[in-house]
Novice: 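Pasting a structure here, questions to come.
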Amino acid sequence: CDKVKGVLVELKASYPHCLEQVDITDKENAEWFDRYKYDIPVLHLDGKYWTKHRLTTEEAIRGLEAFENGAFESQAGEPNAARMERK
């Protein structure tokens with residue numbers, strides 16, 4: 001989590017964005033916990049799934065530029081532990 005946060009903080013001046021951290025262990029975030037408990041951190045851009053586990057500077061730049069240009073699409077591979085556990 002700290003490495004991903006560090007990458008995003010590093011790019012803030014060049015690629016302005018707002019980083020919102022969510023503690024999935026808080027009661028009010030139970031739905032997030034059910035989905036992402038095995039895959040932190042999980043990142044979204046404007047509610048769309050972006051990536052999980054790690055983020056390189058290059059990946060961050062590509063994602064933030066796509067978002068800035070209105071071309072960002074939800075990425076494949078969004079984890080969902082709850083769905084996996086029901087199988």
Side-chain angles (χ1 to χ4, degrees):
C1 288
D2 289 338
K3 288 182 182 180
V4 169
K5 185 177 178 181
V7 168
L8 292 170
V9 167
E10 214 176 86
L11 294 173
K12 185 123 173 110
S14 302
Y15 300 91
H17 61 275
C18 176
L19 177 62
E20 178 186 350
Q21 280 186 247
V22 176
D23 184 345
I24 65 171
T25 63
D26 287 348
K27 265 186 179 178
E28 66 269 13
N29 297 321
E31 182 180 335
W32 291 97
F33 180 80
D34 289 343
R35 293 178 66 101
Y36 302 134
K37 59 187 161 191
Y38 305 126
D39 292 293
I40 56 172
V42 174
L43 298 172
H44 293 87
L45 282 173
D46 200 30
K48 296 178 183 175
Y49 172 71
W50 184 10
T51 191
K52 63 183 178 186
H53 301 162
R54 64 183 182 280
L55 182 70
T56 66
T57 300
E58 293 77 20
E59 291 166 334
I61 290 170
R62 279 195 304 272
L64 292 168
E65 283 180 344
F67 181 76
E68 189 176 87
N69 295 326
F72 182 79
E73 297 290 330
S74 186
Q75 304 299 294
E78 181 174 8
N80 189 334
R83 187 176 341 131
M84 180 185 74
E85 290 172 343
R86 281 190 295 247
K87 289 185 178 184

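Here the structure is a predicted model, which means the values were calculated and not measured.
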Novice: Taking only residues at least two apart or on different chains, which pairs with a member in residues 21-37 satisfy salt bridge (charged side-chain N to carboxylate O under 4.0 Å, His left out)?
Specialist: Arg35-Glu78, Lys37-Glu85
Novice: Would Val22 and Trp50 show up in the same hydrophobic cluster when neighbours are defined by side-chain heavy atoms closer than 4.5 Å?
Specialist: no
Novice: So which heavy atom on Tyr38 is nearest to which on Ala81, and how close?
Specialist: CD1-CB, 3.6 Å
Novice: Taking all atoms of both residues into account, what is the closest heavy-atom pair of Val4 and Leu55, and its distance?
Specialist: CG2-N, 3.8 Å
Novice: Identify, with sequence neighbours excluded, every residue that meets side-chain hydrogen bond (donor to acceptor under 3.5 Å, both in side chains) alongside Glu58.
Specialist: none
Novice: Side-chain contact test, heavy atoms from C-beta onward, threshold under 4.5 Å: evaluate it for Ile61 versus Thr57 and give yes or no.
Specialist: yes
Novice: Using the test ring pair (Phe, Tyr, Trp, His ring centres under 6.0 Å), find all partners of His53 that sit at least two apart in sequence or belong to another chain.
Specialist: none
Novice: With sequence neighbours left out, write down each residue that passes side-chain hydrogen bond (donor to acceptor under 3.5 Å, both in side chains) with Lys48, or none if nothing qualifies.
Specialist: none
Novice: Give a yes or no on whether the backbone of Ala71 and the side-chain of Asn69 come within a donor-acceptor separation of less than 3.5 Å.
Specialist: no
Novice: For Pro79, check side-chain contact (heavy atoms from CB on, under 4.5 Å) against everything at least two apart and list the hits.
Specialist: Tyr36, Asp39, Val42, Tyr49, Lys52
Novice: Check whether Asn80 reaches the backbone of Arg83 with its side chain - one donor and one acceptor, N or O, closer than 3.5 Å.
Specialist: yes
Novice: I'd like to check the ring pair (Phe, Tyr, Trp, His ring centres under 6.0 Å) partners of Phe67; sequence neighbours left out, ordered by chain and number.
Specialist: none
Novice: Got a sec, which residues hit side-chain hydrogen bond (donor to acceptor under 3.5 Å, both in side chains) with Gln75, two or more places apart in sequence or on another chain?
Specialist: none
Novice: Return each pair, listed once, that meets salt bridge (charged side-chain N to carboxylate O under 4.0 Å, His left out) where at least one residue sits in residues 60-75; pairs must be two or more places apart or across chains.
Specialist: none
Novice: Checking Ile40 now: which residues fulfil side-chain contact (heavy atoms from CB on, under 4.5 Å) with it, not counting sequence neighbours?
Specialist: Ile24
Novice: Quick one: side-chain hydrogen bond (donor to acceptor under 3.5 Å, both in side chains) partners of Thr56, sequence neighbours excluded?
Specialist: Glu59
Novice: Excluding sequence neighbours, so at least two apart, what forms side-chain contact (heavy atoms from CB on, under 4.5 Å) with Lys5?
Specialist: Val9, Leu19, Gln21
Novice: What distance separates Leu45 CG from Cys18 SG, expressed to the nearest 0.5 Å?
Specialist: 11.5 Å
